[in-house]
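Notes to accompany the following structure.
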Number of protein chains: 4
Amino acid sequence: MTGKEPDRREEIMKVALELFAEKGYHRTKISDMVNRAGVAQGTFYWYFKSKAAIATEIIQSGEERLLEVVSKGYRQVPGTVQDAVSASRSLFIELFQFSQDNRHLMELLLKGMDTEETVKEAVLKARRKLEEGFRQNITRAIDLGILPANDPTLQAALLTSLLEGMLERWLFSEHSDLTGKTADEMARELVRFEFFGLLGI
Amino acid sequence: MTGKEPDRREEIMKVALELFAEKGYHRTKISDMVNRAGVAQGTFYWYFKSKAAIATEIIQSGEERLLEVVSKGYRQVPGTVQDAVSASRSLFIELFQFSQDNRHLMELLLKGMDTEETVKEAVLKARRKLEEGFRQNITRAIDLGILPANDPTLQAALLTSLLEGMLERWLFSEHSDLTGKTADEMARELVRFEFFGLLGI
Amino acid sequence: MTGKEPDRREEIMKVALELFAEKGYHRTKISDMVNRAGVAQGTFYWYFKSKAAIATEIIQSGEERLLEVVSKGYRQVPGTVQDAVSASRSLFIELFQFSQDNRHLMELLLKGMDTEETVKEAVLKARRKLEEGFRQNITRAIDLGILPANDPTLQAALLTSLLEGMLERWLFSEHSDLTGKTADEMARELVRFEFFGLLGI
Amino acid sequence: MTGKEPDRREEIMKVALELFAEKGYHRTKISDMVNRAGVAQGTFYWYFKSKAAIATEIIQSGEERLLEVVSKGYRQVPGTVQDAVSASRSLFIELFQFSQDNRHLMELLLKGMDTEETVKEAVLKARRKLEEGFRQNITRAIDLGILPANDPTLQAALLTSLLEGMLERWLFSEHSDLTGKTADEMARELVRFEFFGLLGI
DNA sequence: TATGAATGAGATTTCATTCAT
DNA sequence: GATGAATGAAATCTCATTCAT
């Protein structure tokens, strides 16, 4: 009544995200969600149209928050290469931190490809938007004469690949040495490679 | 006797791989496989224990062929940076070509994460082995003084991320400009970035 | 609310027991049960984990009711042989009557040996408890000096064999002359043999 | 060629009987039989029409051998009660020994009731014939004035119940104390009860 | 809003039996 | 006689979704 009672909808979304991340989309059953949320099976369908719908909604709301981070990171206009490097570094620090705070979401975004068409679409859209953000930034840097005039779409693809792959290893791969690193360290390494490649300092 | 009679086992594996790539693991039913292969439902179970079993077997046999490409690509010993660059380039050309010729397999390897535990393990194992191949090569280049002494595990992770991400975009993303490029062009761009980063020539 | 609405769970158990008795465990399909109960296939699984589970539950609840009969029959303390004979006779009358009223249950208990391990265990447990009841009674009669001091475990085995065999013939064997007899007559004959053997009056 | 080559038919029947006894009729698959017999799946159907057919045949051939034992045991004509007791005792010794030597067969006969109709019929027929043997013997003893003139059909039923139950406990029940007894001891106890009941010496 | 019982389409798997060689 | 691959009917079970209250 006062706005303090536990918001069922939020609660269900929260546990759904947890479960999707833990077990994957297909192995998560509606019954798992409602059990963990402590509500009845029917209640789920009062709040959500279907399993695909809740997944899609989770992804979309995650996408918004993710893009916010990206857009915030691109506010300053770099003047020199050094400016661009440090701008990039702070963006990636933000991104790694966001991912750490939202690891369930990131797991869904990075692995949730074998699902119903609509869910898959939502995932792809979110990832494409991220890549598009990178592309715009690269284009601007080229326009400003900071980066050489290479194909910005391609560069964005390379950069996003790098980010996605490193996030996956950092957050989810027990077999990787990266698990122990901080968001800062990860960002630093990624940016070094981004600008200078294997031969870089 | 003639070597012409249809090998049911091979046929079912071929069809299964196609379907896994087309529709994903979960949306592929045993009935889809046997219908397309033109055999009875029971025949599937004569050859394979379960759906997870056929997927695992497909992945393992793919892993072998993939690693063969990688090991072949690492035979020459580079003397200079230029040697290393061109060795890397030919390896990646091979890898992109292999992936193009085995796009279904690659789809499974790159996207098959929401599956039964055993299948997922097989996928991860294959990808880890690939990364390990890269790591060894980088280590050797550092030992030879060709690359700066950075953490080779990290570099391998960066490199594999790059490859996996670019393969995904090149082969499966209709939204990407990359679709039109040749294996050669992809390899060339990837290697440029690999060695010189965004700032490279 | 009215106590009249059909209890699905009870209904399914009732129907299942009927079918187990009519057709045997293996020839009874889940579909038979739900068809006869007039519910959907899935409903079965709302109430029971599996076919073995419903059978086990049926047997266990039957065991309880059966043992109640036995324990009730053992209340009076016999003073003479004649007391013991008539106590035994009234117990067996109860047992034959119970069996007639629960012929389906008895069929399961007497014939349900070729089933899943868990079901078989439940059947054996019920039968062992019955035999144990007999053993205690015989022991008491020996202690009271009413019966000669022979091995009570053995005597109980002999007695239970008699009961089980005669129940099987009486209830289920169309080839037997026994079918026409009443519970009273069956008990009387059994008890005569129990105490005096073939040579008895 | 020489009559020495392993008789496939016999071999399959032997393992089938083993398996029926070990696992029950339903849990025994044709594939189990042929695996253990070391022949191909198809071979089974060269020798037997069906699973039910082999079971039926096993039971029928067992029935013959069992009845032979019974008929042999009934050759002497008793003059006194003591004669009858000792004749009965030697018959039961034979029967217990036969059962020990043919425990798989007896397991099938005593427990094989939840099977296809034809198999069930074969089992029942064998058991009925045994009971009929007892009945004839009792009738004769009554005619000779050795036993009181009670209903011989009923007496036979009681006696067969006793035998079947005790066999089951002796051969197959790990929970029973009887397992350690010899065929002789079992027969002696059974005959004591048969003639004198619980009150007997 | 909330419940939880009920549904039923459909998926996987089993296995006795057949058949071409 | 013998093989073993192939069949397909049928059974069990799952689970997203609906519905009466």
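Computed from a prediction, not measured in an experiment: that's the story for all the values here. Letters A, B, ... are given to chains in the order of the sequence lines, protein chains preceding strands, and every chain is numbered from 1.
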From CG of A:Asp7 across to P of E:dA2 the rounded distance in Å is 9 Å
Worksheet item: Do the side chains of C:Phe44 and C:Val39 get nearer than 4.5 Å, heavy atoms only?
Response: no
Taken to the nearest whole Å, CZ/B:Arg27 to C1'/E:dA11 is 16 Å
Intra- and inter-strand pairing of DNA chain E, written as dot-bracket with Watson-Crick and G-U pairs under 3.5 Å and | for the latter, reads .||||||||||||||||||||
Expressed as a whole number of Å, how far does the C1' atom of E:dT1 sit from that of F:dT21? 13 Å
In whole angstroms, the gap separating C1' of F:dA16 from CG of A:Leu19 amounts to 16 Å
D:Glu164/D:Lys111 salt bridge by N-O under 4.0 Å criterion: no
For F:dT7, take OP1 and OP2 only and decide whether either is under 4.0 Å from a side-chain N or O of B:Arg8. yes
Whole-Å distance, C:Lys29 NZ to F:dC13 P, equals 12 Å
Note: D:Ala122 and D:Thr56 closest approach over all heavy atoms is CB-CG2, 3.9 Å
In terms of heavy-atom contacts, D:Leu108 and D:Val123 come closest through O-CG2, 4.2 Å
To the nearest angstrom, the NE2-P distance between D:His26 and E:dT14 comes to 17 Å
In whole angstroms, the gap separating C1' of E:dA5 from CD of C:Glu11 amounts to 16 Å
dist D:Leu66:CG -> D:Ser61:OG (nearest 0.5 Å) comes out at 11.0 Å
| Step-by-step side-chain contact (heavy atoms from CB on, under 4.5 Å) determination, A:Leu105 to A:Arg65 | CA-CA 11 Å; A:Leu105 171 65; A:Arg65 289 180 299 130; 3.9 Å; yes
Separation of E:dT14 atom P from B:Ile30 atom CD1, nearest Å, is 11 Å
Ion pair present between D:Glu168 and C:Arg127, side-chain N to carboxylate O less than 4.0 angstrom? yes
Residues 17-29 of chain D vs side-chain hydrogen bond (donor to acceptor under 3.5 Å, both in side chains), sequence neighbours excluded, gives C:His26-D:His26, C:Asp114-D:His26, C:Glu117-D:Arg27, D:Glu18-D:Arg36, D:Glu22-D:Arg36, D:Lys23-D:Asp32, D:Tyr25-D:Glu116
Rounded to the nearest 0.5 Å, the NZ atom of B:Lys14 sits from the CG atom of B:Leu19 at a distance of 11.0 Å
From CG of B:Asp32 across to P of E:dG10 the rounded distance in Å is 13 Å
Ordered by number, residues from residues 38-55 of chain A within less than 4.0 Å of DNA chain E (heavy atoms) are A:Val39, A:Ala40, A:Gln41, A:Gly42, A:Thr43, A:Trp46, A:Tyr47
